[in-house]
Student: 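Please find one structure pasted underneath; my questions will follow.
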2 protein chains.
Amino acid sequence: MAKEDDDGKGSYTYDYERPALTVDVVIYTIKDNDLKVLLIKRKANPYKDTWAIPGGFVKNGETLEIAAKRELFEETNVKDIYLEQLYSFGDPDRDPRGWVVTVAYFALISSDNLKISASTDAKDVKWFSAYKLPKLAFDHLKILDYAITRLRSKLEYTNVGFQLLPKKFTLTELQKTYEIILNKKLDKRNFRKKILSLDIISPLEEYKREGTHRPARLYSFNNN
Amino acid sequence: MAKEDDDGKGSYTYDYERPALTVDVVIYTIKDNDLKVLLIKRKANPYKDTWAIPGGFVKNGETLEIAAKRELFEETNVKDIYLEQLYSFGDPDRDPRGWVVTVAYFALISSDNLKISASTDAKDVKWFSAYKLPKLAFDHLKILDYAITRLRSKLEYTNVGFQLLPKKFTLTELQKTYEIILNKKLDKRNFRKKILSLDIISPLEEYKREGTHRPARLYSFNNN
DNA sequence: TCAAAAGTGTTGTGTGTACACCCATGT
DNA sequence: ACATGGGTGTACACACAACACTTTTGA
């Protein structure tokens, strides 16, 4: 019994029932002018043939973050991308097979890494619009709701947004990224003024020409 | 093996090793013009006689939040106080006895609940200044660092601060609370203007008289 | 009458917002 | 020459920061 003389880690006896522990990784990217989430189709029951957030068991000896990175790499073949812990979900009925607690992470992958990533073989792995999700397994809709909320608020007070862009990008691309995530239009002049005042990007001597209009200056992110 | 065909919850076989799962609850209050954290002294090895954040095992059938509330109640005899999930810590070497993953929560308890709380008997339970901590067990210093950072940032963009105050309080008390947590002086006039403009507190027809000076108006928080 | 904290406004500075036109290009 | 997106500045409103004196009380 966890009480009185037992502060939770006070006794030598670990005779409590233990949950299975997984990490789930919400992987976002920007593609086709849309915010995409990577989902995989389940091949076994429960929720057979239902889409789910990629994840897997944490192995003994791993940190939670290492486990998340491993899952991420297995799904996308990409390392060294932005990853942060999101929240832990442990409702006893979240998995019909038993007690499974999951630590959710979220990752941002830039569109220029996309070639490398996903559907490495005929697996059922697919990018879905974060705004048009299929039916999801377990409590994964709740996790995605939580993730997009976190992503939006982080976008307001940090520079995570750059994680989603290629090394070289135009200001319009950057603005589009913000608009897609925040799901609202931003004023072009104000956006540029704001971003440039932050001193976090540098203009390059390169331009992106595309279509029948003036070429757009390319910028790169200053990672200080 | 968690890979390829195994999305983590795709197989029926849960033949992975499972961690012990605990919740730890960082309980804050304001007392004696200081930010205090409730700690308990461990009675068994490892870290026998070392101070630690109260916590305990999660039981099967409980949500994580229920488990945290149960721990909180066991230590403080108080219910219905502010509680939020903080972060999960799962480094494999954080507990010398084995694999123990903890979901940390933080709670805010108002000083008028304090009579009821803590040291219900001769247990080694004590309020410590968050700024003068003793040597701590496990990775609990890391957890407290994380907690105070979260508390500070939440104070800036939410109204959690009121959770730490009695139902009736003066503006000076409120300001002190902010100053103690943020660990910096605030300007009296600016603070009052700001708080009052938020329309979250109402003046009462009561005054707090204390000492040889003008009595201070009491306010109460509007919980909408 | 004195000490001690309560209470109260104004001004400058910076940040967010609204808004419209010219520029460079490809066809 | 025209359609298309790229690129630029100003004016107003509002939030934040700095700052000092009067009020009320108990001793």
Side-chain angles (χ1 to χ4, degrees), chain A residues 30 32-34 111 152-159 161 165-166 168-221, chain B residues 30 32-34 111 152-159 161 165-166 168-221:
Chain A
I30 297 283
D32 306 330
N33 267 343
D34 196 9
S111 39
R152 282 185 183 139
S153 55
K154 278 242 147 175
L155 201 61
E156 311 261 23
Y157 69 96
T158 70
N159 300 323
L165 288 165
K168 300 172 182 181
F169 52 86
T170 68
L171 292 180
T172 301
E173 287 166 349
L174 181 60
Q175 183 178 341
K176 281 256 169 66
T177 300
Y178 274 70
E179 289 179 340
I180 288 163
I181 295 171
L182 300 176
N183 210 11
K184 68 178 177 196
K185 279 244 166 280
L186 301 173
D187 179 89
K188 182 158 59 160
R189 278 175 289 190
N190 294 337
F191 180 80
R192 288 167 182 236
K193 199 189 319 170
K194 174 80 184 305
I195 292 289
L196 291 172
S197 78
L198 295 176
D199 268 338
I200 47 171
I201 60 173
S202 308
L204 302 173
E205 284 308 321
E206 287 180 70
Y207 298 84
K208 178 168 188 172
R209 42 190 69 228
E210 167 194 59
T212 164
H213 55 82
R214 179 170 173 177
R217 175 149 229 143
L218 287 164
Y219 288 78
S220 71
F221 182 56
Chain B
I30 297 283
D32 306 328
N33 268 342
D34 196 9
S111 39
R152 282 185 183 139
S153 54
K154 277 244 149 174
L155 202 61
E156 311 263 23
Y157 69 96
T158 70
N159 301 323
L165 287 165
K168 300 171 181 183
F169 52 86
T170 68
L171 291 181
T172 301
E173 287 166 349
L174 181 60
Q175 183 177 344
K176 281 257 170 64
T177 300
Y178 274 71
E179 288 179 339
I180 288 164
I181 295 171
L182 300 176
N183 209 12
K184 67 179 180 198
K185 279 243 166 284
L186 301 174
D187 179 88
K188 181 158 60 162
R189 278 174 289 188
N190 293 337
F191 180 80
R192 287 167 182 237
K193 200 188 319 167
K194 174 81 184 302
I195 292 290
L196 292 172
S197 77
L198 295 176
D199 269 338
I200 48 171
I201 60 174
S202 307
L204 302 173
E205 284 308 320
E206 288 180 69
Y207 297 85
K208 177 168 190 171
R209 42 189 70 230
E210 166 196 60
T212 164
H213 55 83
R214 179 170 175 178
R217 175 150 227 143
L218 287 164
Y219 288 78
S220 71
F221 181 56

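To find a chain, count down the sequence lines: A is the first, B the second, and so on, and within it residues start at 1. These numbers come from a predicted model, not from an experiment.
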Student: Distance from A:Leu218 atom CG to A:Lys208 atom NZ, nearest 0.5 Å?
Tutor: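 Spacing of CG (A:Leu218) from NZ (A:Lys208) equals 7.0 Å.
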
Student: Quick one: label B:Ser197 by what it contacts on the DNA or RNA (base, sugar-phosphate, nothing), any heavy atom closer than 4.0 Å.
Tutor: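 It contacts nothing in the nucleic acid.
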
Student: A:Lys185 has an atom NZ; how far is it from atom P of D:dG5, in whole Å?
Tutor: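 Interatomic distance, NZ of A:Lys185 to P of D:dG5: 11 Å.
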
Student: If you compare all heavy atoms of B:Asn183 against all heavy atoms of B:Arg152, which two are closest, and at what distance to 0.1 Å?
Tutor: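 Minimum heavy-atom separation between B:Asn183 and B:Arg152: CB-NH2, 4.0 Å.
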
Student: For B:His213 and D:dC21, give me the distance from atom NE2 to atom P, rounded to whole Å.
Tutor: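 Checked: the NE2 to P distance equals 22 Å.
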
Student: How close or far is atom C1' of C:dT8 from atom CD1 of B:Ile195, stated in whole angstroms?
Tutor: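 Nearest whole value for this atom pair: 17 Å.
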
Student: Do B:Arg217 and B:Thr172 pair up side chain to side chain, a donor and an acceptor below 3.5 Å, judged on atom types alone?
Tutor: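 The answer is no; no qualifying pair exists.
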
Student: Supply the atom-to-atom distance A:Leu171 CG to A:Lys188 NZ, rounded to the nearest 0.5 angstrom.
Tutor: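 NZ of A:Lys188 is found 10.0 Å from CG of A:Leu171.
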
Student: Would you please confirm or rule out a distance under 4.0 Å between OP1 or OP2 of C:dG7 and any side-chain N or O of B:Arg192?
Tutor: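 Yes.
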
Student: Take atom CD of B:Glu173 and atom C1' of C:dA6, then tell me their distance rounded to the nearest Å.
Tutor: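 Spelled out: CD on B:Glu173 to C1' on C:dA6 is 12 Å.
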
Student: Compare side-chain N and O positions of A:Arg217 against OP1 and OP2 of D:dG6 and report whether any pair is under 4.0 Å apart.
Tutor: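 For D:dG6, OP1/OP2 do not have a side-chain N/O of A:Arg217 under 4.0 Å.
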
Student: Between C:dG9, D:dG5, C:dA18, spot the one nearest the side chain of B:Asn190, thanks.
Tutor: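 From the listed options, C:dG9 comes nearest.
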
Student: Does any N or O donor sit under 3.5 Å from an N or O acceptor when you compare the side chain of A:Arg189 with the base of C:dA20?
Tutor: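 Check passes, donor-acceptor contact within cut-off.
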
Student: May I have the distance from A:Lys194 (atom NZ) to C:dT17 (atom P), rounded to whole angstrom?
Tutor: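 Rounded to the whole Å, the gap is 8 Å.
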
Student: In terms of side-chain heavy atoms of B:Thr212, which of D:dG26, C:dA24, C:dG16 is nearest?
Tutor: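 Per side-chain heavy atoms of B:Thr212, the pick is D:dG26.
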
Student: Using heavy atoms to find the nearest nucleotide of DNA chain C for A:Arg209 and B:Thr170 separately, return the residue whose nucleotide is more 5′.
Tutor: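 Looking at DNA chain C, the more 5' nearest nucleotide goes with B:Thr170.
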
Student: May I ask you to verify whether the side chain of B:Asp187 and the base of D:dC19 hold a donor-acceptor pair under 3.5 Å?
Tutor: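 In this structure, the two groups form a donor-acceptor pair.
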
Student: Roughly, in whole Å, what's the span from NZ in B:Lys208 to P in D:dG26?
Tutor: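 Interatomic distance, NZ of B:Lys208 to P of D:dG26: 15 Å.
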
Student: Is A:Lys193 side chain donor-acceptor paired with the D:dT10 base, going by distance under 3.5 Å alone?
Tutor: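 Counting by modelled atom types and ignoring angles, a donor-acceptor contact under 3.5 Å is found here.
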
Student: May I ask you to check whether over 12 heavy atoms, not counting those of A:Lys176, lie within 6.0 Å of atom NZ?
Tutor: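 Count not over threshold, so no.
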
Student: Taking the nucleotide of DNA chain D with the closest heavy atom to each, which residue, A:Leu196 or A:Arg214, is nearer the 5' end?
Tutor: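 Here A:Arg214 is the residue nearer the 5' end.
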
Student: Output the rounded distance in Å from NZ (A:Lys188) to P (D:dT4).
Tutor: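 Distance, rounded to whole Å: 14 Å.
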
Student: In whole angstroms, how far is the C1' atom of C:dC19 from the CZ atom of A:Phe191?
Tutor: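 Spelled out: CZ on A:Phe191 to C1' on C:dC19 is 18 Å.
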
